[in-house]
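Note that these values count all heavy atoms, side chains included, but never hydrogens, waters or copies made by symmetry. Index from 1, following the sequence. Whatever order the structure lists ligands and atoms in, that order sets their numbers, starting from 1.
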Amino acid sequence: MSNGNSLVVVGAQWGDEGKGKVIDYLADKADLVARFQGGNNAGHTVVYGANIFKLHHVPSGILNEGTLCLLGNGMVVDPLVLVDELSELEKRGINTKGLRISSKAHLNMFYHRDLDEENEKLLGERKIGTTGRGIGPAYADKVMRRGIRAVDMVEFRTFRQRLEEILPLQNLILNKIYDHKGYDLEQLLDIYRPAVERLGPLVSDTSLILAESLQNGDKILFEGAQGALLDLDHGTYPYVTSSSTTAAAAASGNGIGPQHIDQVLGVIKAYTTRVGEGPFPTEDHSEAGAQLRERGNEFGTTTGRPRRCGWFDAVIARYAARINGLTGLAVTKLDVLSGMDTVKIGVSYDCEGSRAEIFPTSIEKLSKCSPVFETFPGWDEDISRARTIEDLPAAARHFLEVIEDRVGVRIELVSVGPDRSQTIIKDSSNLKRWHF
Ligand code: GDP
Ligand code: IMO
Ligand code: MG
């Protein structure tokens with residue numbers, strides 16, 4: 001049975017909602033933090049004082065000394081990037097000894113990155129706008145049953161053997177389809193050897209580690225990457241990522257039963273952003289969108305691309321609540337709205353003259369919809385020092401109440417700045433019980 005102590009944190013929009021900040025804040029009280037999907041397409045920023053950390057594979061819990069951090073079987077791991085990430089953390093005095101990699105996680109290799117880039121080139125105008133990190137091709141190889149797994153790094157000769165088996169086909173695909181010269185086995189082995197030797201000892205049966213942790217009654221956090229609308233099944237397909245980003249994947253992506261998931265916290269910005277291509281109903285191409293980008297510093301953590309910006313969309317939030325079973329919301333970047341004359345919330349869509357409350361099932365249907373907004377007075381106060389809901393101006397409190405009402409999920413946490421300390425936990429929330 002569940003021990004009542006596990007919490008999944010997922011993005012409830014198109015990624016970059018501030019999951020890293022929320023996880024880091026909550027991890028202070030966690031014994032274990034586990035990622036369950038995605039790879040280094042993720043960019044999670046954590047800020048405390050003058051320290052800024054940008055994490056790609058490693059769970060944001062690593063910054064809390066003593067927290068065990070797992071990379072689950074549902075992830076694709078780039079060994080070269082992970083080694084750099086660990087070295088950088090260690091250089092900055094962070095203890096990374098608590099990191100373990102699931103033996104069943106798949107490896108995201110050099111040729112996956114090439115395939116990702118070449119595929120995007122081939123798509124031309126129809127490109128997805130991927131992060132170029134090889135994510136889609138790495139998951140495709142997993143599904144095609146020709147991937148290299150983390151367990152293959154335990155002994156270098158196994159890694160060599162797997163690469164020897166797999167490289168000819170990868171080279172054939174690169175040569176014949178993409179006119180790319182491909183890779184020499186020995187050269188690749190030389191490049192990978194230090195990473196494989198460094199990571200091999202970290203490879204573990206992470207499902208077993210979790211089972212023991214659940215048994216002990218430990219506090220466990222699952223860290224989602226990307227967001228609900230980028231989910232491979234439920235997102236704005238094909239403009240999605242290649243993994244299941246929703247809460248249920250925390251179980252399958254870590255090898256535990258779904259009954260061990262107690263709460264699901266959806267992280268959502270007080271407005272909306274998206275990087276890459278694909279539909280975005282509340283996108284604002286006017287001055288307001290530009291203001292959100294500038295004030296919210298909306299440039300990608302992973303690729304530096306400017307993020308597309310627009311107003312809060314309650315239709316996608318309700319959808320994210322349904323497909324994740326959200327038990328609470330964490331609303332981030334409320335401070336970014338300070339100084340706007342008016343603030344808007346998309347509450348439904350107008351789809352060819354009829355009102356839709358429910359998110360359409362395909363992007364073709366979605367393309368015929370435009371948002372219906374409710375507009376509210378803004379507030380001028382700097383709210384970055386607010387530490388309780390009562391510290392917020394009435395207009396900001398009202399904005400949050402409207403979000404709660406239109407989404408139908410309780411707000412449990414409000415973030416008013418990037419720093420760990422700039423966080424409000426509602427007194428009445430489940431999170432308060434979890435966290436203290
Ligand atoms: P993630 O991918 O969901 O972890 O989000 P990112 O880290 O990619 O993007 C969120 C950005 O907003 C980061 O630069 C955070 O430091 C920053 N951030 C998070 N919460 C807040 C907040 O409440 N206010 C402001 N101004 N910035 C925030
Ligand atoms: P975090 O965890 C925002 C987007 C890409 C592209 C699509 C597919 O930081 O929230 P991929 O490289 O995954 O094949 O790209 O998904 N994307 C993200 N957008 N935040 C992310 O991660 C993202 N990871 C992927 O921009 O549109
Ligand atoms: Mg991000």
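Among all protein heavy atoms, the one lying closest to atom 2 (O) of ligand 1 is Gly43 O, 2.8 Å. The protein heavy-atom contact nearest to atom 15 (C) of ligand 1 is Thr45 CB, 4.0 Å. Closest to atom 26 (N) of ligand 1 among all protein heavy atoms lies Asp335 OD2, 2.8 Å. Protein heavy atom closest to atom 27 (N) of ligand 1, with residue, atom name and distance, is Lys333 CE, 3.4 Å.
Exactly one residue among Arg307, Arg308, Arg293 makes a side chain to side chain donor-acceptor pair (under 3.5 Å) with Glu298. That residue is Arg307.
Distances from ligand 2 to the non-hydrogen atoms of Gly227 include no value under 4.0 Å. Remark: distances from the non-hydrogen atoms of Arg307 to ligand 2 are all 4.0 Å or more. Not a single heavy atom of Arg274 sits under 4.0 Å from any atom of ligand 2. Within the 4.0 Å heavy-atom cutoff, His44 counts among the residues contacting ligand 2. A heavy-atom separation below 4.0 Å is found between Gly129 and ligand 2.
Every atom of ligand 1 is numbered from 1 in the order shown, and the set under 4.0 Å from a heavy atom of Lys21 is 20 (N). Atoms of ligand 1 found under 4.0 Å from any heavy atom of Gly20 (numbered from 1 in listed order, with element): 4 (O). Residue-ligand proximity, Val275 to ligand 2, at heavy-atom distances under 4.0 Å covers atoms 3 (C), 19 (N), 26 (O), 27 (O).
With sequence neighbours left out, Phe110 forms a ring pair (Phe, Tyr, Trp, His ring centres under 6.0 Å) with Tyr183.
Closest heavy-atom approach to atom 1 (P) of ligand 2 among the candidates Glu120, Arg305, Gln226: Gln226.
Neither the backbone nor the side chain of Tyr239 has any atom closer than 4.0 Å to an atom of ligand 2 (non-hydrogen atoms only). With a 4.0 Å cut-off on non-hydrogen atoms, Leu230 touches ligand 2 through its side chain and not its backbone. Neither the backbone nor the side chain of Asp116 comes within contact range of ligand 2; no heavy atom lies under 4.0 Å.
In this structure a side-chain-to-backbone donor-acceptor pair under 3.5 Å is present from Asp78 to Val81.
Interatomic distance, Ser6 OG to Asp262 CG, rounded to the nearest 0.5 Å: 4.0 Å.
Both tests pass for Arg92 against the ring of Phe53: distance under 6.0 Å to the centre and angle within 45° of the axis.
Distances from the Mg ion (ligand 3) under 2.8 Å pick out these protein N/O/S atoms: Asp16 OD1, Gly43 O.
For ligand 2, the polar-atom distance check finds no N/O of Gly136 at less than 3.5 Å from any of the ligand's N/O atoms.
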